[in-house]
Number of protein chains: 2
Amino acid sequence: MPTTSLRTLQPRKTPVQERSVVTVDAILQAAIQVLVSVGKERLTTTLVAMRAGVSVGTLYQYFPNKSALLQASLKRHMHGVATSIDRVCKEYRSASLLTMGDALIDAYISAKMHNVKESAALYSVSSDLDGLAIAKAAGARGRRVVAELFATASEGLTKDPEIVATMVMAALNGVSRRLLEAKSPERELAPLREELLVLVRGYLLTCIATKPAT
Amino acid sequence: MPTTSLRTLQPRKTPVQERSVVTVDAILQAAIQVLVSVGKERLTTTLVAMRAGVSVGTLYQYFPNKSALLQASLKRHMHGVATSIDRVCKEYRSASLLTMGDALIDAYISAKMHNVKESAALYSVSSDLDGLAIAKAAGARGRRVVAELFATASEGLTKDPEIVATMVMAALNGVSRRLLEAKSPERELAPLREELLVLVRGYLLTCIATKPAT
DNA sequence: TGTTTAGATGAAGGAACCTTCAGCTTTGGA
DNA sequence: TCCAAAGCTGAAGGTTCCTTCATCTAAACA
């Protein structure tokens with residue numbers, strides 16, 4: 001059973017004039033900013049509205065409740081990452097498996113690291129009952145797309161592309177998370193990225209029948 | 001700056017009689033149960049007390065506030081996992097690197113899978129401002145201990161043990177998380193565990209100067 | 001058995017905060 | 001220019017829930 005009915009989570013009003021589009025955008029941006037600065041526990045709708053430079057009433061014209069607001073913020077973030085992954089999956093179709101791995105790592109890591117604070121703050125939303133479903137769906141979608149990419153690899157796969165995608169994405173998630181909760185993610189980025197390449201390459205090699213000369 | 005002063009988070013009263021020890025235990029267990037059944041959002045101190053079969057007042061004699069209660073629950077869980085890791089680190093000192101990897105995977109996965117619902121429910125606590133510090137500390141501690149283990153490997157390491165430990169633990173975390181948020185973790189356990197072994201073995205091989213005959 | 005200390009109770013205070021709505025302002029087109 | 005629709009406002013209602021404390025019961029001990 002879902003936490004709230006679907007009806008309750010739909011936007012209350014769809015922006016038609018230009019200014020309201022700006023408003024909705026400002027609210028979503030403000031939500032992230034508040035999330036980053038005070039955390040999910042102390043985030044209030046009034047605070048978000050203030051930060052966005054509008055009144056609470058305005059916020060509630062576009063988001064039926066607090067949960068919907070947070071979910072929308074999370075979706076927006078996830079969408080950004082998904083777009084990066086999708087681009088890679090289109091661009092590297094039929095390439096070699098190792099090339100795909102490298103490209104995925106770059107895309108995923110740089111999308112997450114683009115705004116470290118934001119990515120880190122959203123973990124608290126994605127771990128909640130409401131956010132969990134969104135995170136899971138995004139994960140499943142990413143896995144599916146990457147599995148399809150792997151299926152086109154120039155070398156033949158010795159394993160189910162689904163499971164290969166699962167492992168690669170799990171490793172990506174694990175390392176990203178570790179990176180995001182570091183004191184200084186920027187400092188650790190280079191070495192961890194390098195090592196992640198080694199980890200994934202090593203694994204992908206075991207998924208190929210005939211080893212290429214690398 | 002921490003969310004709450006250290007003073008505020010210390011237990012209010014330390015159990016001296018046997019019955020109060022039982023009470024504290026019941027409260028902590030109840031907290032987990034409530035967390036599992038209604039989620040962090042809807043967990044209330046009254047609900048936890050009811051579930052534990054005591055009154056709210058009693059709860060507040062041992063936990064200064066709700067946050068402290070959740071933190072204590074998280075610590076308890078983390079401690080269980082840490083103990084498993086520690087045991088491995090003592091037992092496999094000076095063994096071969098690959099053996100260490102296999103043992104770590106088994107210990108970590110089985111500790112997390114011991115109670116799937118509990119592990120999954122606690123993610124919401126560990127992503128919060130309060131829980132984050134605990135989770136980070138536990139992660140750092142685990143990494144340190146595992147790095148020390150790796151440093152004793154019978155084969156020589158070509159890399160800093162710290163970074164090797166970091167990568168292995170990140171992979172473990174990533175896969176565990178994926179497992180815990182699956183619809184049916186039990187069903188996926190075997191294949192994912194198997195594949196995790198492949199992933200980690202492949203990586204550890206790159207950390208050894210001379211490859212052993214496996 | 002009497003006294004002291006530990007443990008337990010739960011109604012009630014009170015703060016925090018989500019959400020509404022009646023009314024006001026701005027925009028865009030007729 | 002004028003009006004209907006879109007957009008905005010923010011004080012106040014209402015809930016939820018954390019936390020306290022005066023009071024009661026059980027245990028330890030002399």
Side-chain angles (χ1 to χ4, degrees), chain A residues 3-5 7-28 30-31 34-35 37-73 125 128-130, chain B residues 3-5 7-28 30-31 34-35 37-73 125 128-130:
Chain A
T3 308
T4 3
S5 83
R7 188 55 186 274
T8 317
L9 293 175
Q10 297 310 312
R12 187 161 290 184
K13 176 191 283 190
T14 313
V16 330
Q17 295 178 12
E18 183 57 25
R19 60 173 171 159
S20 62
V21 175
V22 173
T23 298
V24 170
D25 205 73
I27 292 172
L28 284 172
V34 172
L35 207 55
S37 62
V38 308
K40 210 199 83 167
E41 298 309 276
R42 285 194 287 276
L43 175 147
T44 70
T45 49
T46 312
L47 216 53
V48 171
M50 273 182 58
R51 184 91 192 208
V54 299
S55 76
V56 232
T58 300
L59 187 157
Y60 276 90
Q61 285 203 318
Y62 302 102
F63 302 95
N65 51 51
K66 186 182 163 182
S67 176
L69 170 65
L70 290 176
Q71 289 187 48
S73 303
V125 179
D128 253 316
L129 226 50
D130 298 326
Chain B
T3 309
T4 2
S5 83
R7 190 55 186 273
T8 317
L9 293 175
Q10 296 311 312
R12 187 160 288 182
K13 175 192 285 190
T14 312
V16 329
Q17 295 176 13
E18 183 58 25
R19 60 173 172 157
S20 63
V21 175
V22 172
T23 298
V24 170
D25 205 73
I27 292 172
L28 284 171
V34 171
L35 207 55
S37 62
V38 308
K40 210 199 84 168
E41 299 308 277
R42 284 193 288 276
L43 175 147
T44 71
T45 49
T46 312
L47 216 53
V48 172
M50 272 183 58
R51 185 90 194 209
V54 299
S55 77
V56 231
T58 300
L59 189 156
Y60 275 90
Q61 284 203 319
Y62 301 102
F63 303 94
N65 51 51
K66 185 182 162 183
S67 176
L69 171 64
L70 290 176
Q71 287 186 50
S73 304
V125 179
D128 253 316
L129 226 50
D130 299 325

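All chains are named by letter (A, B, ...) in the order of the sequence lines, taking the proteins before the strands, and each is independently numbered beginning at 1. The analysis underlying the following values was restricted to heavy atoms, covering all of them including side chains, and did not include hydrogens, waters or symmetry mates.
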Which part of the nucleic acid, if any, lies within reach of [X] when heavy atoms closer than 4.0 Å are counted: base, sugar-phosphate only, or nothing?
| X | value |
| --- | --- |
| V56(B) | base |
| L47(B) | nothing |
| S20(B) | sugar-phosphate |
| L43(B) | sugar-phosphate |
| T45(B) | base |

query: Pick the nucleotide of DNA chain C nearest each of E18(A) and V21(B); which residue has the one closer to the 5' end?
result: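 The answer here is V21(B).
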query: How do T58(A) and G57(B) order along DNA chain C: which one's closest nucleotide is nearer the 5' end?
result: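 Closer to the 5' end of DNA chain C: G57(B).
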Any idea which heavy atoms bring [X] and [Y] closest together, and the distance?
| X | Y | answer |
| --- | --- | --- |
| A31(A) | S73(A) | CB-OG, 3.6 Å |
| F63(B) | L69(B) | CD2-CA, 3.9 Å |
| N65(A) | Y60(A) | CA-CE2, 3.9 Å |
| S20(B) | P15(B) | OG-CB, 3.2 Å |

Within this structure, what is the [atom1]-to-[atom2] distance between [X] and [N], rounded to whole angstrom?
| X | N | atom1 | atom2 | result |
| --- | --- | --- | --- | --- |
| Y60(B) | dG13(C) | OH | P | 18 Å |
| N65(A) | dC18(C) | CG | C1' | 9 Å |
| K66(A) | dC18(C) | NZ | C1' | 8 Å |
| E41(B) | dA16(C) | CD | P | 19 Å |
| Q61(A) | dT26(C) | CD | P | 15 Å |

message: Which nucleotide wins on minimum distance to the side chain of R19(A), given the candidates dG10(C), dT27(C), dG7(C)?
response: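 Among dG10(C), dT27(C), dG7(C), the one nearest the side chain of R19(A) is dT27(C).
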query: Side-chain N or O of T46(B) less than 4.0 angstrom from OP1 or OP2 on dG10(C)?
result: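 Indeed not, no polar side-chain atom of T46(B) lies that close.
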message: If you define the side chain from C-beta out and look only at heavy atoms, does anything of V48(B) sit under 4.5 Å from K66(B)?
response: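 Contact flag for V48(B)/K66(B) side chains = no.
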message: What I'd like to find out is whether the side chain of R42(A) reaches to under 4.5 Å of the side chain of V34(A), using heavy atoms alone.
response: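 No, too far: nothing below the 4.5 Å cut-off.
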Matching residue for V24(B) among I27(B), V21(B), L28(B) - test: side chain to side chain contact (heavy atoms under 4.5 Å, CB included):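 Passing option: L28(B).
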Chain A footprint on DNA chain D, 5' to 3' - any atom under 4.0 Å from a heavy atom: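 Endpoints of the contacted stretch of DNA chain D: dA6(D) to dG10(D).
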